[in-house]
Structure formats: C-alpha cells, structure tokens
Amino acid sequence: MDFKFKLASPSLNLNLTYLQLLIFLFASSTFAIRKDISFLETQICRTTVQGRYLITDHTGYVCDALSLDPKSHCCRLKKDQYSCQGCNLVSQCCNSYEYCVSCCLNPQRTQTDQALRVKIAKPITSGTYSTLFDYCSGRCRHNSESVVHENAYLSDFHHCFAPPSNVSVGITDSQIEIQLIGINVIVGKQGESCDSVCKTAGQSCVGSKFALINQCEIMQKYMKCRGSCLSSIGADQPAEVVDDAPRDLNPGACLYTRRPSLLSCDGSHQYTRRLCPCA
C-alpha cells in the first residue's frame with residue numbers, strides 16, 4: 001500500500017506554539033506566587049500593665065509606652081534585655097516593678113520548671129503559673145513576704161521575684177547553699193531582732209531569704225539544737241530557745257515555722273536567739 005503523510009498546516013503549528021507558551025507562563029507564575037508569599041506570623045508580645053511610664057514585654061525588654069510597636073505590642077528599642085536596673089541581686093528584689101519583671105525573665109536567674117510549680121494563691125486548690133512571664137509579672141507585685149505588719153514595706157526594694165517559701169522546702173542542701181551566696185547567716189543574741197543583728201554587722205536583714213534557713217538541716221549547721229527541732233509559730237523564727245528559758249518553752253530546741261509569711265526582720269522573743277540572713 002502506498003501511504004502519504006501530510007505536513008501540519010502552518011496555522012496548526014502556530015496554535016501549538018501558543019499553547020506551549022501559555023502552559024510555560026502559567027507554570028512559571030504559579031511557582032513564583034508560592035515562592036514569594038510569606039506565611040510567617042508576626043510576633044505579638046504580652047506586656048505588663050501596672051506602671052504609668054514603663055512597660056516590660058514578655059521577651060524581657062523594658063520601654064515606655066510610646067516605644068511600643070503598634071502592631072506587635074513589643075518594645076521597638078532592642079537593648080538591655082533582662083535588665084536588673086535598680087535590683088538587689090542578692091535578695092532578688094527591685095525598686096521598680098517593670099525592671100523586676102525584666103530581671104526575673106532571665107532564664108539564668110529564674111528556673112522555669114521551678115517557677116511553673118508555684119501556686120498563684122495560697123489555697124491548695126489554686127492553679128499554677130502557665131508561663132515564666134505569668135510567674136514574673138505576678139510574683140513581682142507586692143506580696144506578703146515584702147511587707148511587715150501588713151501595712152508597711154520591708155524596704156524600698158519591695159518588688160521581689162524569688163520563689164515563695166513553700167517551693168524551697170525539699171530542695172537539697174547544695175541548692176540552698178547556692179541561693180545563700182552573698183548572704184551572711186548570723187546567730188543573734190537573746191531577745192535581738194534580725195534588724196538589730198544585721199545592723200550590728202553593718203548590714204541589712206534580707207527577709208526574702210528566711211525561707212531558705214527556716215529548716216532544721218540549716219539551723220543545725222549554725223546552732224546546737226540540743227533539744228531537737230520543733231515546729232512553732234512566731235515572727236522570731238528560725239530561732240533557738242535559750243538554755244535558761246522556762247521548761248515549757250523547750251530550752252535548747254531549735255524552732256522553725258510552717259507559716260513563713262509570719263516571719264519578719266523585726267520579730268524577736270525574750271527567750272530565743274534568731275538565725276538571721278544579712279547582706
């Protein structure tokens with residue numbers, strides 16, 4: 001048989017060329033769209049709201065309200081992250097709420113796992129903090145451990161971020177010693193308050209550290225505790241009962257309290273010698 005092949009007409013070839021060109025352009029534009037569009041979310045910062053002039057965002061920066069980014073609510077000026085301006089790093093207390101939060105947010109100063117175990121309130125049924133920022137912004141507010149007689153501050157440095165006393169119970173002796181670095185633990189004279197004991201040594205009483213020394217193991221390192229270690233209630237603890245005290249007061253015994261919120265630097269008792277944290 002005799003086969004004959006016909007060449008494609010010029011118009012058909014032209015149509016095929018146009019079709020190939022359209023496919024190429026469509027594929028290129030689709031690829032370009034997927035490549036150029038960014039799906040990164042803008043970071044939105046959480047901030048403190050307590051102060052009149054300063055604000056701290058949850059990344060640890062401090063700035064004034066006019067320096068906040070209107071979209072992200074983060075501080076636009078990125079310097080001095082985790083600033084501890086106006087803070088006493090020994091007592092972990094500051095004279096400014098915003099700088100207390102900033103200093104507290106430093107993961108090298110505050111252990112996140114420990115902070116997230118802290119109860120928001122005293123009742124056993126209360127919840128715990130969900131983030132480090134929640135802990136720092138809540139803890140730096142005035143609390144019972146930064147006041148005396150419930151109507152006066154212990155000092156100008158009354159914004160404290162140290163863990164409350166109930167978290168300190170159960171930690172090892174080595175961890176306690178680390179947290180007592182810079183603290184001079186002094187045994188006072190009979191009937192003396194810790195304010196008086198520390199002042200005699202040219203120092204000040206650090207009330208936030210009572211939680212660390214309010215334990216039998218620590219008292220036994222500084223005191224004789226011949227009459228054992230007993231739980232008691234009083235603003236003068238931790239302390240040791242003097243030997244010439246009445247028999248019903250357990251002479252020679254060391255006393256600690258299960259209610260550390262009662263402890264104060266000016267507490268004293270005529271028959272005890274206090275163990276005082278000074279700096």
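This structure is a prediction, so every number in the text was calculated from the model and none was measured. Hydrogens, waters and symmetry mates are skipped; everything else that's a heavy atom, side chains included, is used.
L77 and Y99 are assigned to two separate hydrophobic clusters, defined by single-linkage of ILVMFWY side chains at heavy-atom distances under 4.5 Å.
To the nearest 0.5 Å, atoms CG (L180) and CD1 (I218) are separated by 6.5 Å. Rounded to the nearest 0.5 Å, atoms NZ (K221) and CD (Q215) are 10.0 Å apart. Y256 contributes atom OH, which lies 8.5 Å from atom CG of N214 (distance to the nearest 0.5 angstrom). With rounding to the nearest 0.5 angstrom, the CG atom of D57 is 8.5 Å from the OG1 atom of T48. Rounding to the nearest 0.5 Å gives a distance of 8.0 Å between CG of L105 and OG of S137. Separation of atoms SG (C205) and CG (D266) is listed at 9.0 Å; rounding is to 0.5 Å.
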| Full working for side-chain contact (heavy atoms from CB on, under 4.5 Å) between Y53 and D64 | CA-CA 6 Å; Y53 309 108; D64 58 71; 5.8 Å; no
| said: Run the side-chain contact (heavy atoms from CB on, under 4.5 Å) test on S67 and C75 for me, step by step, so that the C-alpha distance in whole Å, both residues' side-chain angles and the decisive distance to 0.1 Å come before the verdict. | reply: CA-CA 6 Å; S67 298; C75 290; 5.9 Å; no
| task | Check step by step if side-chain contact (heavy atoms from CB on, under 4.5 Å) holds for T257 and L263. | result | CA-CA 8 Å; T257 182; L263 301 178; 3.6 Å; yes
| task | Test side-chain contact (heavy atoms from CB on, under 4.5 Å) on Y61 and T56 and set out the steps. | result | CA-CA 6 Å; Y61 290 102; T56 303; over 6 Å; no
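Taking 4.5 Å as the limit, some side-chain heavy atom of F210 sits within range of a side-chain heavy atom of C194. The shortest distance between side-chain heavy atoms of N95 and H158 does not fall below 4.5 Å. Two residues are said to be in side-chain contact when any heavy atoms from C-beta on lie closer than 4.5 Å; E98 and V101 fail this criterion. Side-chain contact between Q81 and N106 is absent, with no heavy-atom pair separated by less than 4.5 Å. Considering only heavy atoms from C-beta on, R109 comes within 4.5 Å of C103 through its side chain. For the pair V118 and R139, the minimum side-chain heavy-atom distance is 4.5 Å or more. Using a 4.5 Å heavy-atom cutoff, the side chains of T47 and H58 are not in contact. Between I213 and Y222 the shortest side-chain heavy-atom distance does not fall below 4.5 Å.
In this structure, Q114 contributes its side chain and Q111 its backbone to no donor-acceptor pair below 3.5 Å. Listed for the R76 side chain is a donor-acceptor partner under 3.5 Å among the backbone atoms of L66. A donor-acceptor pair under 3.5 Å links the side-chain atoms of S102 to the main chain of G60, judged by distance alone. A donor-acceptor pair under 3.5 Å is formed between the side chain of Y135 and the backbone N or O of F161.
Taken as a pair, C87 and C94 meet the criterion of an SG-SG distance shorter than 2.5 angstrom. Between C276 and C198 the SG-SG gap reaches or exceeds 2.5 angstrom. In this model, C229 has its SG atom within less than 2.5 Å of the SG atom of C216. The SG atoms of C140 and C100 are placed within less than 2.5 angstrom of each other.
Checked against side-chain contact (heavy atoms from CB on, under 4.5 Å), S193 has the following partners two or more places apart in sequence or in another chain: D195, S196, S268. Qualifying side chain to side chain donor-acceptor pair (under 3.5 Å) partners for R46, counting only residues two or more places apart in sequence or in other chains: D134. Partners of D69 by salt bridge (charged side-chain N to carboxylate O under 4.0 Å, His left out), not counting sequence neighbours: none found.
V197 forms part of a hydrophobic cluster together with I186, judged by ILVMFWY side-chain heavy-atom separations under 4.5 Å. Using a 4.5 Å cut-off between side-chain heavy atoms of Ile, Leu, Val, Met, Phe, Trp and Tyr, I55 falls into a hydrophobic cluster with L68.
What you find for C254 and M219 is that their closest heavy atoms are CB-SD, 4.1 Å. Residues T128 and L116 come closest through the heavy atom pair CB-O, 3.3 Å. For the residue pair V206 and A279, the shortest heavy atom distance occurs at CG2-CB, 3.6 Å.
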Under 3.5 Å, sequence neighbours excluded: what are the donor-acceptor pairs made by side chains of residues 230-241?
{"unit_1": "S231", "atom_1": "OG", "unit_2": "R258", "atom_2": "NE", "d": "3.4"}
{"unit_1": "S232", "atom_1": "OG", "unit_2": "Q237", "atom_2": "NE2", "d": "3.1"}
{"unit_1": "D236", "atom_1": "OD2", "unit_2": "T272", "atom_2": "OG1", "d": "2.9"}
{"unit_1": "E240", "atom_1": "OE1", "unit_2": "R273", "atom_2": "NH2", "d": "2.4"}
{"unit_1": "E240", "atom_1": "OE2", "unit_2": "K224", "atom_2": "N", "d": "3.2"}
{"unit_1": "E240", "atom_1": "OE2", "unit_2": "C225", "atom_2": "N", "d": "2.9"}

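Within a 6.0 Å sphere centred on NZ of K79, other residues, nucleotides and ligands contribute 12 heavy atoms or fewer.
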